[in-house]
Amino acid sequence: MSDTGYGDFEFERKFLVRALPDSVLREPDPVLIVQSYYLAAEGYALRIRLQAPAPRVPVHAVVDEAALLDELAGTFNFCALTAKGPYVGGTRYEAERELDVSVGLGMVRLGGAKVIKYRHSVWLGTDGWVLDSFLGRNAPLIVAECERGGPVTDLVIPAFCVTELTGDPRFTNDSLAQDPYSTWADTFQRELAEHGPRFLQEFGRNELGTP
């Protein structure tokens with residue numbers, strides 16, 4: 001539970017990224033995350049997340065999920081079971097319980113719709129950001145997230161952020177597990193070309209285009 005007074009809630013804003021910027025690539029190696037969703041409906045989600053150090057040999061965007069789990073079985077060093085509620089204005093209920101890695105791996109092998117991604121973490125100014133580079137059916141999607149212990153207001157938005165995705169249900173990980181980006185990427189890119197980028201105004205002042 002959070003000690004910020006908000007309890008089991010997460011506060012984040014997320015953005016589309018075209019390519020990983022140099023400022024992120026200079027940071028230490030990313031981690032590889034496998035998320036398996038056993039429930040993903042109407043904004044609610046129940047998932048198991050496995051995490052491992054990035055393999056020495058990069059994982060190809062086209063990936064065999066079962067083979068990858070076998071390859072990384074001995075390197076996973078964290079596992080958690082997470083329950084999530086629907087998003088409301090950049091806020092979402094989230095409760096997490098750490099699991100034994102071997103138990104979690106066994107459950108992930110048995111089922112669930114999966115999301116696989118590299119996660120890069122970087123500090124930009126006073127905010128911590130994570131950039132998720134998706135593999136498999138969600139490649140080549142890259143999403144940047146800024147998460148705080150309270151509402152993410154008056155945000156300095158880096159120049160590598162193309163458009164805001166906060167509140168777009170298509171870009172939640174639970175939705176991507178069921179309806180992967182590769183099946184509707186062209187539609188989204190046409191929307192972006194037609195309507196242009198958007199940055200939400202209800203979270204205070206946005207400072208755009210910083211490095």
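Worth saying up front: this structure is predicted, and the values here are computed from it rather than measured.
Residues Leu69 and Glu65 are not in side-chain contact: their nearest non-hydrogen atoms beyond the backbone lie 4.5 Å or more apart. Looking only at side-chain heavy atoms (C-beta outward), Leu131 and Pro21 come within less than 4.5 Å of each other. Here the side chains of Leu99 and Val101 are not in contact, with every heavy-atom distance at 4.5 Å or above.
Clustering of Ile, Leu, Val, Met, Phe, Trp and Tyr side chains at separations under 4.5 Å leaves Val62 isolated, with no partner residue.
Residues Val17 and Leu208 share a single hydrophobic cluster, defined by chaining ILVMFWY side chains whose heavy atoms lie under 4.5 Å apart. Cluster membership check: Tyr181 does not share its hydrophobic cluster with Ile116, using side-chain heavy-atom separations under 4.5 Å among Ile, Leu, Val, Met, Phe, Trp and Tyr. Val130 and Leu20 fall into different hydrophobic clusters, defined by Ile, Leu, Val, Met, Phe, Trp and Tyr side-chain heavy atoms under 4.5 Å apart, directly or through other members. Criterion: ILVMFWY side-chain heavy atoms under 4.5 Å apart, direct or through other members. Under it, Leu32 and Leu50 are part of a common hydrophobic cluster. Hydrophobic clustering (ILVMFWY, side-chain heavy atoms < 4.5 Å, transitive): Leu155 and Val24 are in one cluster.
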Q: Just do the side-chain contact (heavy atoms from CB on, under 4.5 Å) check on Val59 and Leu68 with the steps written out, would you?
A: CA-CA 9 Å; Val59 177; Leu68 182 65; 4.0 Å; yes
Q.
Go through it in stages, so that I can follow the logic: the residues are Thr166 and Phe199, the test is side-chain contact (heavy atoms from CB on, under 4.5 Å), and I'd like the CA-CA distance, side-chain angles, deciding distance and then a yes or no.
A. CA-CA 9 Å; Thr166 307; Phe199 295 94; over 6 Å; no
**Q.** Full working for side-chain contact (heavy atoms from CB on, under 4.5 Å) between Arg26 and Asp22
**A.** CA-CA 6 Å; Arg26 286 194 297 267; Asp22 290 341; 3.5 Å; yes
Q.
Between Leu192 and Leu16, does the side-chain contact (heavy atoms from CB on, under 4.5 Å) criterion hold? Intermediate values first, please.
A. CA-CA 11 Å; Leu192 184 58; Leu16 179 71; 4.1 Å; yes
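Between Glu191 and Arg170 there is a salt bridge, with a side-chain nitrogen of the basic residue lying less than 4.0 Å from a carboxylate oxygen of the acidic one. Remark: Lys14 does not engage Glu164 in a salt bridge, criterion side-chain N to carboxylate O under 4.0 Å. Taking the charged nitrogens against the carboxylate oxygens, Asp174 and Arg47 have no contact shorter than 4.0 Å, which rules out a salt bridge. By the 4.0 Å N-to-carboxylate-O rule, Lys117 lies close enough to Asp132 to be salt-bridged with it.
Among residue pairs with one or both ends in residues 29-39, those qualifying as side chain to side chain donor-acceptor pair (under 3.5 Å) are Gln35-Tyr37, Gln35-Asn173; sequence neighbours excluded. Applying the ring pair (Phe, Tyr, Trp, His ring centres under 6.0 Å) definition to pairs two or more places apart or across chains, those involving residues 85-110 are Phe9-Tyr93.
When every heavy atom of Arg148 is checked against every heavy atom of Pro151, the shortest pair comes out as NH1-O, 4.0 Å. Here the closest heavy-atom approach between residue Phe11 and residue Gly150 is recorded as CB-O, 3.1 Å. What you find for Val162 and Arg18 is that their closest heavy atoms are CG2-CG, 3.5 Å. Smallest separation of non-hydrogen atoms from Ser23 and Val122: O-CG2, 4.0 Å. For the pair Pro180 and Thr183, the tightest heavy-atom approach, listed with the atom from each and the gap, is O-OG1, 2.7 Å. Between His60 and Leu135 the shortest heavy-atom distance is O-CD2, 4.2 Å.
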Side-chain donor-acceptor contacts of residues 102-109 below 3.5 Å, not counting sequence neighbours, with atom names and distances?
residue	atom	partner	partner atom	Å
Ser102	OG	Asp100	OD2	2.3
Arg109	NH2	Asp70	OD1	2.9

N/O donor-acceptor pairs under 3.5 Å from side chains in residues 74-85, not counting sequence neighbours:
residue	atom	partner	partner atom	Å
Thr75	OG1	Leu72	O	2.9
Thr82	OG1	Glu96	OE1	3.2
Lys84	NZ	Glu10	OE2	3.0
Lys84	NZ	Glu94	OE1	2.4

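The six-membered or imidazole ring of Phe171 lies away from that of Phe134, with a centre-to-centre distance of 6.0 Å or more.
In this structure, Arg198 has no salt bridge (Lys or Arg N to Asp or Glu O under 4.0 Å) partners at least two apart in sequence or on a different chain.
From Cys161, atom SG reaches atom CG of Asn206 across 10.5 Å, with rounding to the nearest 0.5 Å. With rounding to the nearest 0.5 Å, the separation of OH in Tyr44 from CZ in Arg92 is 10.5 Å. Rounded to the nearest 0.5 Å, atoms CG (Asp64) and CD (Glu71) are 10.0 Å apart. How far CG of Leu176 is from CZ of Arg137: 10.0 Å, rounded to the nearest 0.5 Å. Taking CZ of Arg13 as the reference point, atom CZ of Phe15 lies at 4.5 Å (rounded to 0.5 Å).
For Ser175 (side chain) and Thr172 (main-chain N/O), no donor-acceptor pair under 3.5 Å exists by modelled atom type. Asn138 contributes no side-chain N or O that, together with a main-chain N or O of Ala177, makes up a donor-acceptor pair within less than 3.5 Å.
Remark: Glu42 CD is loosely packed, at most 12 non-hydrogen atoms of other residues, nucleotides or ligands lying under 6.0 Å away.
Ring orientation note: the planes of His120 and Tyr118 are tilted relative to one another, at an angle of 30° to 60°.
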